[in-house]
Structure formats: structure tokens, C-alpha cells
Amino acid sequence: MEVYFMEHREREVPMTLLDTQKEKWYQVKEIREKENVQRRLEALGILVGTRVQVLNQKRSGSTIIRVRGTRWALGRTIASGIEVEDCEHE
Amino acid sequence: MNSETVIRVAFVGNPNCGKTTLFNALTGANLKVANWPGVTVERKEGTVFYKGVKMILVDLPGIYSLTSYSIEEKVSRRCVMEDDVDVIVNVVDASSMERNLYLTLQLLELGKPVILAMNMMDVVKERGMEIDNHRLPEMLGHIPVVPVSARKRTGLNVLLHAVQHHYEEDIPERVLTYPSYLENKISMLEERLKERYPALSYLRWTAIKLLEEDDETMKEYPLDAPEILDRSYEKEIINEKYRYIEEVVEEVLFYRNSSREGRTDAVDQVLTHPVWGVPVFLGIMALVFFLTFTIGDALKGVFEYGLDFLLEGAAAFLQKIHTAPWVISLVVDGVIAGVGGILTFLPNIFILFLALGILEDSGYMARVAYVMDGIMGRVGLSGKAFLPMVLGFGCTVPAVMATRTLEKEEDRKRTIFLTPFMSCSARLPIYVLISSMFFPKYPAAAAFSLYALGLVVAILLALAAGKIKHGESAGTLLMELPEYKLPNARTIAIYVWEKVKDYLGKAGTTIFLASIVIWFVLNYGPGGMVTDVQSSFGALLGHVLVPVLMPAGLGLWQIGVALIAGLSAKEVVVSSMAVLFGISNINSAAGMSQMSGILAEYGFGPVNAYALMVFCLLYTPCMATVATIRKESNSWGFTMKMVVFQLLLAYVAAVIVFQTGSLLFH
């Protein structure tokens with residue numbers, strides 16, 4: 001437990017889709033998923049650099065995003081594997 | 001082109017692109033159309049004649065890409081690569097081109113003739129978007145691009161015409177050129193492949209797939225070239241494709257405003273609300289059942305009147321033409337009473353499936369997966385697993401088949417295990433009949449309590465299963481939420497008609513046969529035809545079951561027989577009870593009071609009745625469901641375990657209900 005916290009204090013905790021605000025646009029920075037999920041997301045056009053908008057999020061972590069003109073519902077595990085960063089315009 | 005020519009056309013496209021609707025519009029086949037991904041898992045064919053040319057159209061499952069991760073993708077990929085597919089019709093949802101064109105680019109790499117059917121052009125127009133139909137084909141290697149509207153049935157002939165004269169053209173020009181380091185590798189691989197596999201016709205495709213380290217391709221066409229295939233280039237290849245798509249979209253798509261998109265977002269604010277989403281869903285389901293009972297019952301009156309009329313008429317007619325008494329008995333007491341009793345429930349079934357069809361076609365069903373995702377996560381499943389269960393309220397057979405949309409085998413079995421506890425429409429007649437007989441003051445509440453009980457049992461079992469073996473699919477939901485749209489009358493009509501046809505078919509076959517068999521076992525005994533039903537085969541068999549069923553309050557031989565008969569189809573419990581107690585029109589007020597009168601004589605009261613309904617809710621599903629579970633799970637062991645488990649569960653639950661009920665109400 002101790003070690004875990006130390007590690008995270010040293011480097012910045014990455015922002016994932018779970019730490020986002022509704023309605024805002026983000027840019028995908030890194031995708032850390034199981035290999036088959038990662039490949040699936042890539043085929044759907046969710047790639048590093050792709051812009052996504054968070055449309056809805058529940059406390060359980062289930063998230064709805066807009067990407068490339070379509071809406072996707074993501075479960076908590078998948079949402080937590082998508083690292084994002086703020087996106088300047090729209 | 002001579003008249004012998006047969007063109008085989010494969011229909012490929014993303015889920016929700018309207019492919020199945022288009023296919024239906026072209027072939028007129030009765031296919032199931034649904035709104036959430038992956039329903040058309042089976043390969044469906046239809047034949048069309050256009051200008052004397054026979055075309056065989058194959059409807060493939062909706063897929064997002066031609067990789068080989070899911071069953072649907074593998075099926076589609078094999079099919080389009082088969083030599084006997086002459087033309088690929090790629091159906092594209094023009095209103096979300098950016099995602100749809102990814103599959104298109106993959107299909108073009110195959111080198112087979114591709115025709116782009118631009119569906120939902122009406123949506124594009126409604127949304128104030130414009131597509132440059134001149135520039136688009138230019139950017140896609142000059143393949144034919146045909147605007148169609150599957151819902152309004154426009155552009156269909158143009159599409160068939162394009163198929164007819166495009167099918168002989170070969171290899172479209174190369175559309176997408178990768179950066180030189182990739183192109184170099186591709187051409188080197190193409191040469192190697194040509195040497196090693198002279199018969200291979202998809203050289204560029206295979207080379208690209210090898211660079212992506214695609215499992216199937218590496219297995220089928222292994223190539224020893226470590227200097228070229230040093231790592232997976234899949235990411236780069238996907239990136240290039242999407243980069244090109246962005247370019248295409250930039251060139252051909254013009255926005256003016258986007259009002260429709262705003263509408264879906266506004267509706268979603270309510271329907272997928274973090275807090276209100278679940279109550280709204282429960283409210284919608286409650287409304288569906290309320291309508292099923294109220295409107296259905298109102299319409300049922302008409303059917304009952306008709307049945308009475310038919311019963312009297314048939315008896316009078318048969319007597320008039322001096323038919324033998326046993327034939328009159330068979331036709332009137334056996335067939336008409338049994339089958340007719342089931343047919344009077346047609347209005348309820350109709351309303352239920354109408355409502356489910358509207359929920360699917362409007363786009364709401366996909367939201368249910370999101371809304372229920374958190375709750376399903378607690379039992380180790382993703383929200384997607386909830387959808388088959390909702391379908392289970394209609395019929396368990398399609399519900400079990402719908403579990404195919406779940407990727408993991410274990411999740412499928414878990415979900416299949418739970419679906420029979422959703423009260424299917426066949427159990428509705430049992431609830432309606434028994435509730436109105438024994439709980440005349442609040443029949444709808446009594447019936448609804450069984451739906452709720454089924455849900456509770458399913459949740460408890462899911463939790464227990466999660467304790468035994470922890471599910472790993474919590475939080476893995478990945479599902480497209482389509483735009484909301486006004487349900488299409490034709491789509492819904494096909495959907496409801498399919499179900500009603502199934503129901504009528506069942507009444508005409510299974511229930512018809514079961515009615516005759518039951519009539520036979522009741523009117524014949526070891527010594528031939530009997531006058532007293534007590535010495536019939538049925539009574540003999542039923543009496544064996546009496547001591548077993550006694551603790552559950554079901555110790556009447558007639559009920560034992562009815563429950564066994566119910567294994568053929570659950571509605572048969574009702575029709576056979578009608579025959580067993582000698583009641584001609586079990587749904588009429590007279591029939592019901594006659595029946596409850598007879599039952600009361602045996603000391604069969606409301607507590608017994610409720611135990612009976614609980615037993616019917618939980619016990620072994622009908623033959624059709626068992627056969628489907630066997631087929632889908634591909635395991636007799638799993639199927640038999642389920643059958644035995646449900647039988648025991650039903651028995652134990654009925655005993656508990658009866659014993660505690662008797663204590664409380666006596």
C-alpha cells in the first residue's frame with residue numbers, strides 16, 4: 001500500500017476517461033488495455049490522438065463517449081484504460 | 001449475359017447501418033431486424049431477379065472490421081473471401097461515414113468488385129449535411145456509389161443495376177497508398193507469397209494481414225520472412241486508414257447544421273441519466289406489461305366470443321352430420337378447446353412483441369445495456385448480457401440465441417443459465433388464467449409478482465454463481481449507441497409478424513398434437529376407450545405424481561399431467577387443464593368459475609394456485625428452449641444440468657411457497 005502511494009506521488013497520476021468532465025472534449029494520449037480490447041478499440045477508430053467527447057458517466061464508471069461521429073458505451077474497466085489529456089478547442 | 005448467369009452478392013456493413021432493412025427491402029424475406037449489434041449472426045440468403053438475371057443475396061452479420069476477433073467477423077470474412085461471392089455490396093450509414101468507411105477500405109484491399117450502398121441519405125439530408133457524390137467514388141477507386149434509403153425503399157433498382165453490370169469488372173484500383181516503408185514491405189511480401197502460394201488471389205490483402213500479425217492469415221499462409229515481418233505493423237496500418245478516411249470526409253462531407261444529433265443527446269440526458277436511468281427503464285418495462293395485460297385483455301374478449309361460437313357451432317354441426325361421438329369429443333373437447341384456448345392469448349402476445357419491437361427499433365435497447373452495466377458488473381457480467389434477458393420476456397429461444405453477441409464462452413453460459421427465469425410470453429397465459437381465477441381482485445398484480453419473482457431468482461442465482469466462480473467481464477462493455485429514430489412501421493411489422501407466426505405455428509403443431517395426445521390419454525385406458533376419466537392412462541400416470549407433488553400443494557393428478565404436458569410448450573399447461581377438467585372455454589367467466597369450483601372441491605385454494613404459478617415460472621423450460629440451449633452451448637452436460645437444476649429449484653420453491661403460505665393463511 002505504502003509503496004503504491006509513493007510511486008504515484010513521484011510521477012503524475014495519468015488522467016483516464018474516469019477522471020473527465022461531462023460534455024468536454026479530450027484527446028487520447030495512451031491506451032492501456034488487454035491486447036484484444038486494444039485492437040478492438042483501434043479498429044473502431046479510437047487511437048492515440050483521436051478526439052473524444054464525454055457525453056455521460058455513471059458512478060459505477062460506465063461512460064458514454066462520442067468519437068468520430070458515433071456514440072459508444074464503455075464499461076468501467078475499458079474507460080479506465082484510456083488515458084486522455086485536455087483538448088484545446090471544442 | 002445469358003439467362004443462366006447467377007450472381008452471388010454479399011451484403012456487408014457495420015451494425016446499425018440499416019443493412020438488414022435494405023436486405024429485407026430487396027428480397028422481401030422475413031428477417032429479424034434489430035437495433036443493437038450482432039443480431040443477424042446467421043447467414044441469410046434471398047433471391048432476386050433483375051432484368052432476367054438471378055442474383056443470390058447473402059446477408060452477413062454486421063461488423064466493424066475484417067479482423068478475426070469475433071465469430072461474426074470470422075463468418076463475414078470467410079464468406080466474402082470465398083470464390084463464389086462475385087460482388088460485395090458494402091452498406092454504409094452515410095450519416096456516420098467516418099466510422100463506416102474503415103470497413104470499406106479493408107474490403108477494397110481484397111480486390112473484389114465492391115459497390116457502396118450509401119444508406120440513410122434521408123438522415124443525412126434531415127441533419128443538414130451534404131455528401132459530394134461525385135468526389136466520393138473518385139477517392140474510393142471509382143467504385144459505384146449508389147445512394148439508397150432502405151426505409152423509404154428508394155435507390156433499390158439502381159443498386160441491383162450496379163450489381164448487374166459491375167460484377168464482371170475485376171480488381172478496383174489501389175485506393176490507399178501506405179508510407180513507403182510499408183509499401184516496400186507489402187510488395188516484397190507479395191512477391192514471396194506469389195512464389196510460395198501460386199494459387200493465392202488476395203496478394204495485397206494477405207501481405208497487409210501478415211504485417212498486422214493477423215492470427216488466421218498467419219496460420220493459413222505462414223511465411224518465413226523475419227527480416228520483413230519483424231513486428232506487428234497493425235497500429236500503423238490502422239492509423240493510415242483512419243488518416244485517409246479523415247481526408248475523404250473532409251473532402252466530401254459538408255455540414256450546415258446538426259439538429260438531429262442534438263435531439264438524441266437531449267433524449268439521452270433522461271434515458272441514460274446516472275440516477276434516473278434505472279427507474280426509467282423499470283418504468284418502461286412496467287408500462288409494457290401494463291399494456292400487455294390491459295389492452296391485451298380487452299381484445300381477448302373478442303377472441304373468446306369467437307371461440308364460444310366456434311365450439312357450439314362445431315358440436316352442433318358434427319352432431320347434425322351424425323359423426324361418431326368419439327370424433328366429436330376429439331374435435332370439440334380435445335382440439336378446439338386446447339388450441340382455441342391458446343389462441344385467445346394472441347392479443348397479449350401481440351402487444352408484448354409490438355412493445356419489444358418498438359424498444360429495439362427506436363434505439364433504446366442499446367441504452368439498456370449502458371443503464372444496467374453497473375448492476376451487471378456486480379455479478380461479473382457486462383451490461384450487454386442484460387439484453388438477452390429482456391428478450392427473454394418475449395421468448396426464451398431467441399433470447400438464448402441472442403447471447404451470441406457476448407464474446408466470452410463463459411459469459412454466454414452464465415447468461416443462458418439466467419434467461420429462462422425471465423417469464424416468457426408462453427407463461428403469460430398461465431399467470432393470466434390462474435390469477436384471474438384465484439386472485440380476482442388484483443389479477444395484474446398477482447401476475448406481475450411472478451415476473452418480479454423471476455427477476456429476483458435470476459439476480460440471486462447470478463450473485464451465487466459469481467461467488468462460486470468470479471466473473472471477469474465486469475466493466476468490459478463496448479457497444480455503439482445508435483441515434484434514436486422513429487420506429488419504422490415495416491421493420492416492426494416484420495418483427496411482430498415473425499413472432500405471431502411462431503406462436504400460431506406452435507398452436508397449429510405442438511399444441512395441436514399435445515391436445516390430441518392429452519385427449520387420448522384421458523379417454524383411453526388399458527382396456528380401451530373409457531367413460532370414467534379415473535381409469536384412463538392419464539389418471540394412472542397422474543396418480544403416480546400425486547404423492548410427490550403433494551408437499552407443494554399440487555397433489556391433484558390432473559395438475560401432474562398438465563405439468564408434464566407443459567414440457568412441450570408452457571401454454572399447454574393451460575390448454576391441458578381445460579381438457580383435463582372438461583371445460584370447453586377456459587377463458588370465459590363461466591369456464592373460470594366452473595374450473596375454480598371444481599378445484600375448490602379438492603381443497604385447491606389461492607395458496608395452491610400461487611405455488612402452481614411459481615412452479616410453472618421456474619421449472620424446466622419447453623422442449624424448443626432445451627433444444628436451443630443444447631445447440632448454443634454445444635454441450636449436453638450443461639443442458640441437462642440446467643434442466644435438472646430448474647426442476648429441483650421449482651419443486652423446492654413451490655414447496656416453500658405452499659408450506660409458508662398455508663401457515664400464514666390458515
Side-chain angles (χ1 to χ4, degrees), chain A residues 16-25 27-83 87 89-90, chain B residues 14 16 64-67 69-70 73 93 95-100 102-103 106 212 232 234-235 238-239 241-242 245-246 249 253 261 264-265 268-269 272-275 277-278 366-367 369-378 382-384 407 472-483:
Chain A
T16 72
L17 273 181
L18 290 181
D19 316 303
T20 50
Q21 281 171 353
K22 216 171 125 176
E23 309 273 290
K24 268 184 75 174
W25 283 90
Q27 194 156 10
V28 178
K29 199 175 154 197
E30 185 79 69
I31 300 177
R32 296 178 204 277
E33 307 273 4
K34 281 187 194 155
E35 202 204 324
N36 61 339
V37 177
Q38 179 132 3
R39 294 172 90 169
R40 172 100 302 192
L41 290 173
E42 282 164 0
L44 296 174
I46 303 175
L47 311 158
V48 171
T50 306
R51 294 187 322 116
V52 298
Q53 186 189 19
V54 176
L55 293 175
N56 224 327
Q57 189 158 61
K58 286 197 293 184
R59 266 225 306 248
S60 64
S62 317
T63 309
I64 302 180
I65 58 167
R66 191 203 308 280
V67 59
R68 297 187 192 273
T70 46
R71 289 174 192 74
W72 288 86
L74 309 177
R76 183 193 177 86
T77 315
I78 291 186
S80 69
I82 301 178
E83 277 179 34
C87 190
H89 30 255
E90 208 237 7
Chain B
N14 282 190
N16 306 313
Y64 293 111
S65 79
L66 279 184
T67 42
Y69 302 125
S70 67
E73 286 178 358
D93 173 359
S95 66
S96 60
M97 260 199 334
E98 197 174 338
R99 216 248 348 273
N100 279 253
Y102 181 72
L103 181 64
Q106 287 187 318
E212 290 179 355
S232 165
E234 191 183 25
K235 211 171 257 176
I238 295 176
N239 264 314
K241 285 208 177 83
Y242 272 105
I245 291 168
E246 282 167 21
V249 171
L253 189 68
E261 230 168 20
T264 290
D265 285 343
D268 265 344
Q269 285 309 313
T272 63
H273 189 274
V275 179
V278 175
R367 269 74 184 182
Y370 170 76
V371 167
M372 300 306 281
D373 187 49
I375 294 169
M376 295 300 282
R378 282 186 211 163
S382 98
K384 215 174 171 181
E407 285 94 17
E472 288 157 0
S473 296
T476 59
L477 179 69
L478 178 57
M479 190 167 173
E480 188 186 355
L481 304 181
E483 293 273 306

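Quick caveat: nothing in here was measured; it's all calculated off a predicted structure. In what follows, chains are A, B, ... by sequence order, proteins preceding strands, each numbered from 1.
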Which region of [X], side chain (C-beta onward) or backbone (N, CA, C, O), has a non-hydrogen atom less than 4.5 Å from a non-hydrogen atom of chain B, or is it both or neither?
X	value
A:Ser60	side chain
A:Leu55	both
A:Gln38	side chain
A:Thr63	backbone

For this session: Can you see which heavy atom on B:Tyr242 is nearest to which on A:Glu42, and at what distance?
Result: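 Here B:Tyr242 and A:Glu42 meet closest at CE1-O, 3.6 Å.
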Exercise. Any idea which heavy atoms bring B:Gly374 and A:Lys58 closest together, and the distance?
Worked result: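 So the two residues come closest at N-NZ, 4.1 Å.
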Kindly compute the distance separating [atom1] ([X]) from [atom2] ([Y]), expressed to the nearest 0.5 Å.
X	Y	atom1	atom2	value
B:Leu481	A:Ile64	CG	CD1	5.0 Å
B:Glu480	A:Leu44	CD	CG	8.5 Å
A:Ile31	B:Lys235	CD1	NZ	7.0 Å
B:Glu483	A:Thr70	CD	OG1	9.5 Å
A:Leu47	B:Lys241	CG	NZ	11.5 Å
A:Arg68	B:Ser96	CZ	OG	12.5 Å

Exercise. With side chains defined as the heavy atoms from C-beta onward, is the minimum distance between B:Thr476 and A:Lys34 less than 4.5 Å?
Worked result: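 Sidechains of A:Lys34 and B:Thr476: no contact.
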Can you say whether [X] sits under 4.5 Å from chain A via the side chain, the backbone, both, or neither, judging by heavy atoms?
X	answer
B:Asn14	neither
B:Arg378	neither
B:Met376	neither
B:Tyr102	side chain

For this session: List the steps and the verdict of salt bridge (charged side-chain N to carboxylate O under 4.0 Å, His left out) for B:Glu212 and A:Arg39.
Result: CA-CA 10 Å; B:Glu212 290 179 355; A:Arg39 294 172 90 169; over 6 Å; no
Problem set entry | Top contributor to chain A interface from B:Ile245, B:Thr272, B:Val275 [non-hydrogen pairs under 4.5 Å] |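 Among B:Ile245, B:Thr272, B:Val275, the one with the most close pairs to chain A is B:Thr272.
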For this session: Under 4.5 Å, counting heavy-atom pairs only, tell me which of B:Asn239, B:Val249, B:Thr67 racks up the most with chain A.
Result: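 Going by pairs under 4.5 Å, I would pick B:Asn239.
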Exercise. Could you go step by step and tell me if B:Asp265 and A:Arg66 meet the salt bridge (charged side-chain N to carboxylate O under 4.0 Å, His left out) rule?
Worked result: CA-CA 10 Å; B:Asp265 285 343; A:Arg66 191 203 308 280; 2.7 Å; yes
